[in-house]
Amino acid sequence: MQVVVADDDLGERLVLKTVLSRLNYEVEATEDGAAALEALERGSASILLTDITMPEMDGLELVRRLRETDLGRYIYVIVFTGLGASEARMRGLEAGADEFMSKPIDTASLVARLRAAERLMTYERDLRAKNQRLQEANRIIKDDLDAAASAQRALLPDPDVRICGCRFSSVFLPSRAVSGDVFNHFRIGEGRVGFFGADVSGHGVRAALAAVALGYMASEEFFTNMAVRRDDGTLQPKRVADVLNARFFREGAETYFTLFVGTIDERLDRLVYCQAGYPSPLLLGSNGRARFVGEGGMPVALLSDAIFDEGSIGFAPGDRLVVYSDGVTEAANASGEPFGAERLASSMRDMRGDLPQVALDHLTRQLAAWTEGEPLEDDVSLIIIDRENPQ
Amino acid sequence: MIDVVQLDNGTAVLDPGDMRITAATAPKFKEEILGVVEGGSHRLILDLKGVNFIDSTGLGALVGILKRLGPRGDLALCGLQRPVATMFALTRMDRIFRIFPDVASASAAFEQV
């Protein structure tokens, strides 16, 4: 271990240097505060022994400056004082000294103090190394989370898409922690559209990975094959939930997801849906009425023998459906009160006559005001589906 | 810490107190309850009167406990606050769990078996 000595007396310096060298310390002896500080900055010593009275920069000033300097390591400081110099010790403590010794130096007590200092410094060095490893690990985890989050986002559709007489306008607000919202919509045959919103349970890499896997699997091709009966062409969104349940359920695992699958037949003006634990979408009819769609349903991949149901509603030109993840309704204000489905419904009713992107902006701003700009605890997905009037 | 009271009929009543069962608290919550199960209690009444919110991870933990108890065990829930009851209705978990208004009615239902 390296030690820096600061003493303006040549004789004292020589004595200390000899004693310390014999104890196997690497010693750099300096004759004033400035030289000692420079030696500490340049080298890797972790112990300083300093006299108080020195020309130019004295011992106390040296300790003060040392404590103000960030060397990236702790320096243990032993200050030499006269016998019974309680006043000097007080000032030494204030300056940041760790230990005191009176002159003339007694070799045995110097050795004892140096050993104590060494123990502390070894401990400090270990802690610093551990801390560095933790910081490194933390950086890697952050990078992984960022990668997971961008993989998840890359799967989301464009924010404004027209498919077979339906206009899909969407917004995704990622939460502070990576979590597992995913949604998409596609054409699944002549005059038919399929869409889904899903929310994987939990947060972090596991949820994001499951969301990405789900996003890849729930493709246009998958939807076309599953949600449309091959024989008579009727819509069967429930089959999407059945297949995903079989594919994603794993005994002993607790990652599951809530899902809403909808299929729209343009010619029949009907929406057939399967709700699997996902919040009930809001239907704003062209007649001015608003209501929530669906009675609930078991989530996907939570139970191996889950049973899913189908429902069906009229969905004609002029109707609007608002699909949202529970990140919207559960967003809490400062006193813990959730935004709630009623506030969402009232906001959407107010914006009934506006363009979908304008309505989404309005709701997004209301949410931000509700949470007072705090980062969201959970992902927010918002999708407005407008049945457009034929040109 | 979950408060555990053993009833004379061999049922354990578990009261987690005022809390939210979320991603942050669910692992410890589940671990404590499974500790009670491993201690030999297979008939549990979980009193949720102090629980004002359960998120998706919390629901996963409850289902995990139910699965761990298996067909020979029994788990009843009671004292559901409105947000919790709404969540159970939305996910149809009210058909998977036995749910009662309070400990007395849950305990009486156990007696009849």
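Per chain, numbering begins at 1; letters A, B, ... match sequence-line order.
Proximity to chain A is limited to the side chain of Ala23(B), based on heavy atoms less than 4.5 angstrom apart. Neither the backbone nor the side chain of Asp305(A) comes within less than 4.5 Å of any heavy atom of chain B. Only the backbone of Tyr278(A) comes within contact range of chain B, with heavy atoms under 4.5 Å apart. Using a 4.5 Å cut-off between heavy atoms, Glu295(A) contacts chain B through both its backbone and its side chain.
Between atom OG of residue Ser56(B) and atom NE2 of residue His203(A) there is a gap of 6.5 Å, rounded to the nearest 0.5 Å. Rounded to the nearest 0.5 angstrom, Leu90(B) CG and Thr258(A) OG1 are separated by 7.5 Å.
Proximity to chain A among residues 58-65 of chain B is limited to Leu59(B), Gly60(B), Ala61(B), Val63(B), Gly64(B), judged by heavy-atom separations below 4.5 angstrom. The stretch residues 373-385 of chain A places none of its residues near chain B, where near means some heavy atom under 4.5 Å from a heavy atom of that chain.
The neighbour count for Arg206(A) CZ, taken as heavy atoms of other residues, nucleotides or ligands under 6.0 Å away, does not exceed 12. For Leu7(B), the CG atom counts as densely surrounded, since its 6.0 Å shell holds more than 12 non-hydrogen atoms of other residues, nucleotides or ligands. Asn138(A) CG: more than 12 foreign heavy atoms inside a 6.0 Å radius. The neighbour count for Phe292(A) CZ, taken as heavy atoms of other residues, nucleotides or ligands under 6.0 Å away, is above 12.
Contact count against chain A (heavy-atom pairs under 4.5 Å) is highest for Thr91(B) among Ile96(B), Thr57(B), Thr91(B). Comparing Pro338(A), Gly202(A), Gly296(A) by how many heavy-atom pairs each has under 4.5 Å with chain B, the most go to Gly296(A). Comparing Lys30(B), Met87(B), Arg68(B) by heavy-atom pairs within less than 4.5 Å of chain A, the highest count is held by Lys30(B).
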Margin query: For Arg92(B) and Leu303(A): C-alpha separation, side-chain torsions, deciding distance, then whether side chain to side chain contact (heavy atoms under 4.5 Å, CB included) applies.
Written below: CA-CA 12 Å; Arg92(B) 297 259 168 98; Leu303(A) 300 164; over 6 Å; no
Next item on the list: Please assess Met93(B) against Leu302(A) for the test side chain to side chain contact (heavy atoms under 4.5 Å, CB included), listing each intermediate value before the final yes or no.
Entry: CA-CA 10 Å; Met93(B) 287 299 116; Leu302(A) 182 61; 3.8 Å; yes
